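Read through the structure below, which is laid out as structure tokens, and then see the notes.
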Amino acid sequence: MPRSRTLPAELDPIARQLVMRLRRLKDHSELTMRQLAVKTGYSAKSWERYLGGASLPPREAVEALARITGTDPVPLLALHEITADSRDGRRARPAAQQQNEQREREQEQPASATTSHPGPPAAATAHTPLRATGPAPGRFPHIALTAGIAALAVALSAALLLMLRLDDEAGRAAVTAAPRTAAASPPPSYTCRITRVDGRWSAGVNKGRNTEIVYGATGADVAEAQCLLRRAGISPGGIDGMFGPLTLRAVKTFQQRAGLTVDGMLGPRSWKALRG
């Protein structure tokens, strides 16, 4: 999704806040839409709609993006829940208003019928002042209920906007600090034990799996590939289990030497070539 694309002007402020945070996480992780789709299970087209403000992402998509970027999902899920409730409330409000208006019309109809119905003048004179002195029964409770709901919604929106303003800077700091926190923790230790198993090279790290991995992946599969790249004479940097820029460059160099498609992704063909 182009970075210059602006969000719809009619987008709710809370929904706008959620989309902006998701955009910052995606940009900070340097993941492409294709890589984001592979890691989260939601298509690239879906993520274009989510990050463009065209549709509200599912709760599971928000959790997946938080997980792969190492971010606390609780603030994001709170924004998601508020946005979903706000959209449901806007859909339900016109129907509730129509029901209230219908009830008011039904309550007013007997008064008009009584006034126009022919009958003894004395009875008409006796009943007319009673109907003119006050509203139809049950009208005030509906009006009060509608006004109370509207006031509660306004107060809740004001409180949430204030909370989001105060939390915005903290959220930005958390997104920026996430990589530093991960870097500060001791990285996993991997040891390359290059051997031939059934005629195939193995580093003894991931038990011989050929799992497809892409830029941004972490874990034993990445460390296995790094060991095999080093065995092939191409340095991926350290054996740290992190598919970063150095490992990406090493994968592309190996694919070019092996006559494979140079896409920087370790799929079945690249694994087969690495294992010889």
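Throughout, numbering of the chain's residues begins at 1 and tracks the sequence. Predicted model only: the values in this text are computed from it and were never measured. These values consider heavy atoms only, across backbone and side chains, with no hydrogens, waters or symmetry-generated copies.
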Does any non-hydrogen side-chain atom of I82 lie less than 4.5 Å from one of L18?
no
May I have the step-by-step check of side chain to side chain contact (heavy atoms under 4.5 Å, CB included) for N206 and T211, ending in yes or no?
CA-CA 9 Å; N206 75 340; T211 306; 5.6 Å; no
Audit row: I213, F243, side chain to side chain contact (heavy atoms under 4.5 Å, CB included) steps and yes/no
CA-CA 8 Å; I213 53 177; F243 201 137; 4.1 Å; yes
Does L228 belong to the same Ile/Leu/Val/Met/Phe/Trp/Tyr cluster as I234, with side-chain heavy atoms less than 4.5 Å apart forming each link?
yes
In this structure, are over 12 heavy atoms from other groups packed under 6.0 Å from R196 atom CZ?
yes
Can you find a heavy atom in the side chain of L22 that is under 4.5 Å from one in the side chain of P57?
yes
Under 4.5 Å between side-chain heavy atoms, hopping through other hydrophobics if needed: is there a path connecting L31 to V19?
no
How long is the straight-line distance from CG of L65 back to OG1 of T71, given to the nearest 0.5 Å?
7.5 Å
Contact summary for V205 and C227, nearest pair of heavy atoms:
CG2-SG, 4.3 Å
Does the side chain of M20 come within less than 4.5 Å of L7's, by heavy atoms?
yes
Write down the atom of L11, the atom of G53, and the distance for their closest heavy-atom approach.
CD1-O, 3.8 Å
L56 reachable from Y42 in the ILVMFWY side-chain graph, under 4.5 Å edges:
yes
Can you tell me how far CD of E224 sits from NZ of K207, rounded to the nearest 0.5 angstrom?
12.0 Å
E30 side chain to G216 backbone, donor-acceptor under 3.5 Å
no
Look at the side chain of T247 and the backbone N and O of P236, then say whether any donor-acceptor pair between them is shorter than 3.5 Å.
yes
Is there a donor-acceptor contact under 3.5 Å from the side chain of Q226 to the main chain of M242?
yes
Looking at side-chain heavy atoms only, is the closest gap between P268 and N210 below 4.5 Å?
no
R16 side chain to P8 main-chain N or O, any donor-acceptor pair under 3.5 Å?
yes
In terms of hydrophobic clusters joined by side-chain contacts under 4.5 Å, are L274 and W201 together?
yes
Short side-chain to backbone donor-acceptor contact, Q255 and G264, under 3.5 Å:
yes
Looking at A258 and A273, what are the two nearest heavy atoms and their distance?
CB-CB, 4.4 Å
Could you tell me whether the side chain of L266 reaches within less than 4.5 Å of the side chain of W271, counting heavy atoms only?
yes
List the steps, then state whether side chain to side chain contact (heavy atoms under 4.5 Å, CB included) holds for L25 with L76.
CA-CA 11 Å; L25 289 177; L76 296 174; 3.6 Å; yes
Where S270 and F254 come nearest, the two heavy atoms and their spacing:
O-CE2, 4.0 Å
Does any non-hydrogen side-chain atom of R209 lie less than 4.5 Å from one of D221?
yes
Could you check if a side-chain atom of S29 sits within less than 4.5 angstrom of a side-chain atom of I68, using non-hydrogen atoms only?
no
Hey, could you give me the OG1/CH2 distance between T40 and W47, rounded to the nearest 0.5 Å?
5.5 Å
Any idea which heavy atoms bring A220 and Y190 closest together, and the distance?
N-OH, 3.6 Å
Would the number of heavy atoms belonging to other residues, nucleotides or ligands and lying under 6.0 Å from CZ of R269 be above 12?
no
With side chain to side chain contact (heavy atoms under 4.5 Å, CB included) as the criterion, how do E63 and H80 come out once you've worked through the C-alpha distance, each side chain's angles and the decisive distance to 0.1 Å?
CA-CA 10 Å; E63 288 179 321; H80 182 276; over 6 Å; no
Distance check, rounded to the nearest 0.5 Å: Q256 atom CD versus T261 atom OG1?
12.0 Å
Side chain proximity check, L51 to M33, heavy atoms < 4.5 angstrom
yes
Specify the closest pair of heavy atoms between P75 and R21, including all atoms of both residues, with the distance to one decimal.
CB-NH1, 3.8 Å
Taking everything shown except R249 itself, do over 12 heavy atoms lie less than 6.0 Å from its CZ?
no
Inter-residue atom distance S46.OG - E48.CD, 0.5 Å rounding
9.0 Å
Would you say L246 and M265 are hydrophobically clustered, going by side-chain heavy atoms of ILVMFWY under 4.5 Å?
no
Can you tell me how far the CD1 atom of I239 sits from the CZ atom of R230, to the nearest 0.5 Å?
4.0 Å
